[in-house]
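So you know, we letter chains A, B, ... as the sequences are listed, proteins then strands, and number each from 1. Excluded from the calculations below are hydrogen atoms, water molecules and symmetry mates; all remaining heavy atoms, backbone and side chain alike, are included. Keep in mind it's a predicted model, so treat the numbers as computed, not measured.
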Protein chains: 2
Amino acid sequence: MPSETFFNLPEEKQRKIIDVAIEEFAENPYEAASISQIVRRTGIAKGSFYQYFEDKRDLYLHLFDMIIQEKQAFLQQTPPPDEDVDVFEHLRWVARAGANFELSHPKLAKFGYRVVTDDVPLPEETLKIARSGGRVFFEQFMRNGVEQGVIDPNVDAGVAAFLFDLITVHYGKYMVDRLEITPEELTTSERYPLDTTEGEELFDALVDILQNGLGPREARK
Amino acid sequence: MPSETFFNLPEEKQRKIIDVAIEEFAENPYEAASISQIVRRTGIAKGSFYQYFEDKRDLYLHLFDMIIQEKQAFLQQTPPPDEDVDVFEHLRWVARAGANFELSHPKLAKFGYRVVTDDVPLPEETLKIARSGGRVFFEQFMRNGVEQGVIDPNVDAGVAAFLFDLITVHYGKYMVDRLEITPEELTTSERYPLDTTEGEELFDALVDILQNGLGPREARK
DNA sequence: ACTAAATGTGACTGGTCGGTCACATGACCG
DNA sequence: CGGTCATGTGACCGACCAGTCACATTTAGT
């Protein structure tokens with residue numbers, strides 16, 4: 001936890017420190033991220049930094065908490081569809097919200113990505129939740145779908161959840177590649193670049209594959 | 001490229017160095033992996049190391065080459081099915097071969113995983129190939145499937161290739177988790193732990209989802 | 001204006017790193 | 001033997017790191 005001294009700081013200074021720190025931890029693996037760099041780039045003295053934070057890990061944990069909160073706030077901004085709507089509609093929302101977050105907060109997303117892939121000094125329990133959280137969530141998801149009769153009960157729920165989890169973590173990055181969205185567009189445009197015809201089509205394509213598979217369609221519909 | 005001096009070394013010493021180095025680069029991000037550690041753990045002098053390799057990067061590149069070769073040799077050991085076999089059968093082979101490699105060479109797989117996720121000093125072109133290679137390969141794969149009539153031509157090939165790529169990179173790890181395979185089993189058992197009934201079922205489950213989707217099946221077959 | 005508490009500062013410590021180099025040891029050959 | 005050429009060695013260099021601390025500066029209360 002940052003010290004009270006830190007929270008007494010003018011808000012602008014707080015933000016500057018946090019922003020620079022997030023950038024540093026987004027661009028470098030935890031071990032390589034450098035406090036010396038952070039203080040250099042914020043223009044504060046090393047000693048001041050250590051009056052705000054106990055140590056490197058303390059800063060890291062604080063950033064993690066902030067990002068969790070920011071992401072939750074972001075997701076609640078476009079609330080999920082009702083529980084009883086078609087699960088595929090729900091899945092579509094999850095994928096889209098995740099991708100939009102990645103695009104509108106690329107630094108935060110990069111940070112989050114490192115949390116689940118790098119070696120990082122979070123409490124063991126937190127790590128487990130962050131890493132398997134998706135799977136647990138999606139297994140429930142599958143049960144809902146089966147109940148609704150829109151998911152075949154013979155499908156292996158674990159494998160499906162594994163797929164969903166991968167998708168939420170990686171689909172945003174894929175879309176950025178594919179739509180050739182430049183960093184400038186991310187910061188300048190007001191609307192989310194995925195809320196376009198092209199973007200919607202990509203979500204449709206994904207959900208379609210998951211729903212109907214790759215096999216030929218003549219037999220159905 | 002390692003110097004001739006290195007290749008003149010007794011084979012056992014070469015292997016020891018390589019093994020320790022792979023372990024170091026598998027366990028740590030490139031920046032955090034330490035030459036000092038490597039020479040400490042192999043028991044050679046720092047100076048000797050720098051007679052074998054130009055620098056850290058040189059060692060890294062050499063390891064990368066070795067791993068590529070080893071993986072290719074491994075894959076050719078169980079050759080792919082004929083080109084004209086059902087693409088889903090082919091996909092099954094790809095996923096299975098990848099997962100088996102991950103299980104029988106966990107250190108190499110970890111190393112390879114870092115290549116595609118970490119920041120790593122490979123030549124730009126090599127990196128691009130390593131990272132997008134899967135997608136390009138799988139797009140061809142999709143074309144074959146459409147020709148065979150086992151893949152619906154309306155499916156978005158790019159999105160499907162994206163899915164395949166994710167799967168080959170991550171499915172092995174998922175299976176190890178799910179089957180609760182311990183590290184000992186990996187080193188002691190002679191046969192690949194995935195060539196079991198349970199393992200086969202997991203491959204079936206995956207291919208089934210990709211082929212038929214998650215939707216209810218009454219309408220088909 | 002004086003004081004005391006809060007905040008700011010950067011040189012410094014002890015450590016690790018990648019990489020070098022002057023020198024020691026060994027192997028082979030006459 | 002002596003000589004020479006390949007190989008081995010570890011102290012050392014400069015750079016950077018996380019973290020500390022004695023001191024300087026600012027702020028606020030009186």
Please work out which of the three classes, parallel, tilted or perpendicular, describes the rings of B:F141 and B:F164, given edges at 30° and 60°.
perpendicular
Under 4.0 Å between any heavy atoms, over every strand shown, what does B:F6 touch: base, sugar-phosphate, or nothing? Just pick one.
nothing
Short side-chain donor-acceptor distance under 3.5 Å, A:Q140 and A:N144
yes
With nearest nucleotide decided by heavy atoms, which residue, B:G47 or B:Y50, maps closer to the 5′ end of DNA chain C?
B:Y50
What is the distance, to the nearest angstrom, from the CZ atom on B:R57 to the P atom on C:dG19?
11 Å
Rounded distance (Å) that lies between atom C1' of C:dA5 and atom CD of A:E4
13 Å
Check every strand shown and say whether B:S34 touches a base, only sugar-phosphate, or nothing at a heavy-atom separation below 4.0 Å.
sugar-phosphate
Donor-acceptor pair, distance only, cut-off 3.5 Å: does the side chain of A:S3 make one with the backbone of A:Q51?
yes
Considering just the side-chain nitrogens and oxygens of A:N8, establish if one lies under 4.0 Å of OP1 or OP2 belonging to C:dA6.
no
Please list, in 5' to 3' order, the outermost nucleotides of DNA chain D lying under 4.0 Å from any heavy atom of chain B.
D:dT7 to D:dG10
Any donor-acceptor pair, under 3.5 Å, between the side chain of B:K46 and the base of C:dG18, if you only look at N and O atoms?
yes
Honestly, is B:K56 close enough over B:Y30, meaning NZ or CZ under 6.0 Å from the six-membered ring centre and within 45° of the axis?
yes
How long is the line joining NZ of B:K56 and P of C:dG19, in whole Å?
8 Å
Just to confirm, is there a sub-4.0 Å distance from OP1 or OP2 of C:dA6 to any side-chain nitrogen or oxygen of A:T5?
no
For B:A33, report the nucleic acid contact type (base, sugar-phosphate, nothing); a contact means any heavy atom under 4.0 Å.
sugar-phosphate
Between C:dG18 atom P and B:I35 atom CD1, what is the distance in whole Å?
5 Å
5' precedence on DNA chain D between A:E54 and A:Q37 (nearest-nucleotide basis):
A:Q37
What do you reckon, are the aromatic ring centroids of B:F162 and B:F138 less than 6.0 Å apart?
no
Give the rounded distance in Å between these two atoms: CZ of B:F49 and P of C:dC21.
17 Å
Hey, what's the ring geometry for A:H170 with A:Y113, parallel, tilted or perpendicular (30° and 60° as the breaks)?
perpendicular
Interatomic distance where CD belongs to A:E31 and P belongs to C:dG15 [whole Å]
19 Å
Distance in angstrom units between B:Q51 CD and C:dT25 C1', rounded:
13 Å
How close or far is atom P of C:dT7 from atom CZ of A:F53, stated in whole angstroms?
14 Å
Ring centroid separation for A:F64 and A:Y60, is it under 6.0 angstrom?
no
